[in-house]
Amino acid sequence: MMSKPIVWISRPFFPDIVDRLRPWFEVRAETEERSFSPAELAGRLAGTDAAIVGLAERIDAAAIASAPRLRFVANLGVGYNNLDIGALTEAGIGASNTPDVLNETVADYAWALMLAAARRIGEAERWLRDGQWHGSRFEGWLGADVHGKTIGILGMGRIGQAIARRAHGFRAKVIYHNRSRLAPEIEREYAATYVDKASLLAASDHLILVLPYTPQNHHAIGAPELKAMKPTATLVNVARGGIVDDAALARALADGAIAAAALDVFEGEPKVHPDLMKLQNIVLSPHIASASRDTRRDMAALAVDNVLAAFGHGPDAGRPPTILNPGVLADAS
């Protein structure tokens with residue numbers, strides 16, 4: 001009797017979804033959240049046929065050097081800058097991510113962060129909890145409106161479009177900048193106007209970042225861009241750490257160059273720049289924009305679907321639904 005291929009899962013998630021792998025695989029699943037050194041990661045992948053990993057696991061040439069059996073890596077996230085796609089492809093290893101299933105949930109959270117930053121909800125709650133509320137002042141706690149204002153979106157993919165759709169209920173104007181302009185019918189559907197990046201920075205009352213992290217997008221928002229924004233503006237980042245120069249943002253917030261910010265992602269996370277931690281006019285959250293129960297289950301299920309399909313099982317057998325390097329399958333056939 002032939003042994004089952006081995007799948008390693010780097011972090012615990014919903015047991016009923018993991019169980020879908022067991023008829024076809026020997027499952028080696030971590031039972032607690034933890035970080036892996038490069039040597040530990042390479043050791044986990046050695047002798048493994050497939051892996052389901054999180055954004056913290058850097059899967060590069062060194063990680064797979066001792067994993068000759070590895071055929072597929074499924075990433076638990078829409079972003080995949082933790083995967084060296086070139087190295088995986090060269091080694092004949094397929095890779096996948098979890099796009100689309102989290103679009104609406106991340107869009108909800110982007111609006112939550114924007115509203116919290118604009119209306120100073122975090123500051124006000126901390127002040128109240130600190131026992132400072134002894135009465136109200138008519139001109140106290142003045143924040144910024146969102147309804148009727150200009151929402152700027154940098155990165156108008158599926159999540160950006162979901163954010164734009166929500167602006168209709170706020171009677172807000174939507175402008176966007178993207179690497180490529182959307183088709184006219186999509187612009188009409190979302191009542192979104194394309195502008196260049198300089199115009200986006202200058203005109204946005206609330207700027208939301210939803211672009212992918214690439215070397216070209218590193219510090220896409222830095223000191224010059226922050227200086228170009230309105231002093232009354234808010235900035236929201238639900239994209240990736242490194243897109244914003246966090247040190248420059250801390251200086252801009254401290255100096256009043258912009259009014260407020262809200263970040264769900266950070267450079268070098270889980271570490272957060274200490275200057276950001278000192279500020280009151282910022283909302284900080286620990287990379288949880290997709291963290292609704294339904295969406296995280298959908299992400300896990302899609303990762304499992306990709307692994308099953310890569311090994312010829314399930315309704316998508318032979319065609320992993322969100323494979324990032326489909327040429328690997330063509331080369332193997």
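Any value given below was found using the heavy atoms of this structure, including those in side chains, with hydrogens, waters and symmetry copies removed. These numbers were taken from a predicted model, which means no experiment stands behind them.
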When you compare the side chain of [Y] with that of [X], does any pair of heavy atoms fall below 4.5 Å?
{"X": "Val265", "Y": "Tyr213", "result": "no"}
{"X": "Thr193", "Y": "Val174", "result": "no"}
{"X": "Ile17", "Y": "Arg297", "result": "yes"}

Passing candidate, salt bridge (Lys or Arg N to Asp or Glu O under 4.0 Å) with Arg11, options Glu57, Glu32, Glu33, Glu30: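 It is Glu33, the one option of Glu57, Glu32, Glu33, Glu30 that forms the salt bridge (Lys or Arg N to Asp or Glu O under 4.0 Å) with Arg11.
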
Check: Tyr194 ring centre within less than 6.0 Å of His177 ring centre: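 Yes - the distance between ring centres of Tyr194 and His177 falls below the 6.0 Å cut-off.
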
Phe36 ring center within less than 6.0 Å of Trp8 ring center: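 For Trp8 and Phe36, the ring centres are under 6.0 Å apart.
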
Which atom pairs, donor and acceptor, lie under 3.5 Å between side-chain atoms of residues 143-164 and protein residues at least two apart or in another chain?
unit_1 : atom_1 : unit_2 : atom_2 : d
Arg158 : NH1    : Asp100 : OD1    : 3.2
Arg158 : NH1    : Asp100 : OD2    : 3.4
Gln161 : NE2    : Met156 : O      : 3.2

Could you tell me if [Y] and [X] have a donor-acceptor pair between their side chains, going purely by distance under 3.5 Å?
{"X": "Ser199", "Y": "Asp196", "answer": "yes"}
{"X": "His273", "Y": "Glu267", "answer": "no"}
{"X": "Asn75", "Y": "Ser96", "answer": "no"}
{"X": "Gln280", "Y": "Arg126", "answer": "yes"}
{"X": "Ser290", "Y": "Tyr109", "answer": "no"}

In plain terms, say whether [X] and [Y] are close enough for a salt bridge, that is, a side-chain N and a carboxylate O under 4.0 Å apart.
{"X": "Arg181", "Y": "Glu187", "value": "yes"}
{"X": "Glu40", "Y": "Arg44", "value": "no"}
{"X": "Glu104", "Y": "Arg166", "value": "yes"}

Leu207: which of Ile175, Leu226, Leu201, Thr234 passes side chain to side chain contact (heavy atoms under 4.5 Å, CB included):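 Going through Ile175, Leu226, Leu201, Thr234 one by one, the side chain to side chain contact (heavy atoms under 4.5 Å, CB included) with Leu207 is satisfied by Leu201 alone.
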
Cation-pi check, Arg71 onto Phe311 ring (under 6.0 Å, within 45° of axis):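 Because its charged atom sits under 6.0 Å from the ring centre and within 45° of the axis, Arg71 does stack over Phe311.
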
Exceeds 12 heavy-atom contacts within 6.0 angstrom, atom CD of Glu90: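 Count not over threshold, so no.
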
Atom NZ of Lys230: over 12 foreign heavy atoms under 6.0 Å: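 More than 12 heavy atoms, drawn from other residues, nucleotides or ligands, come within 6.0 Å of this atom.
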
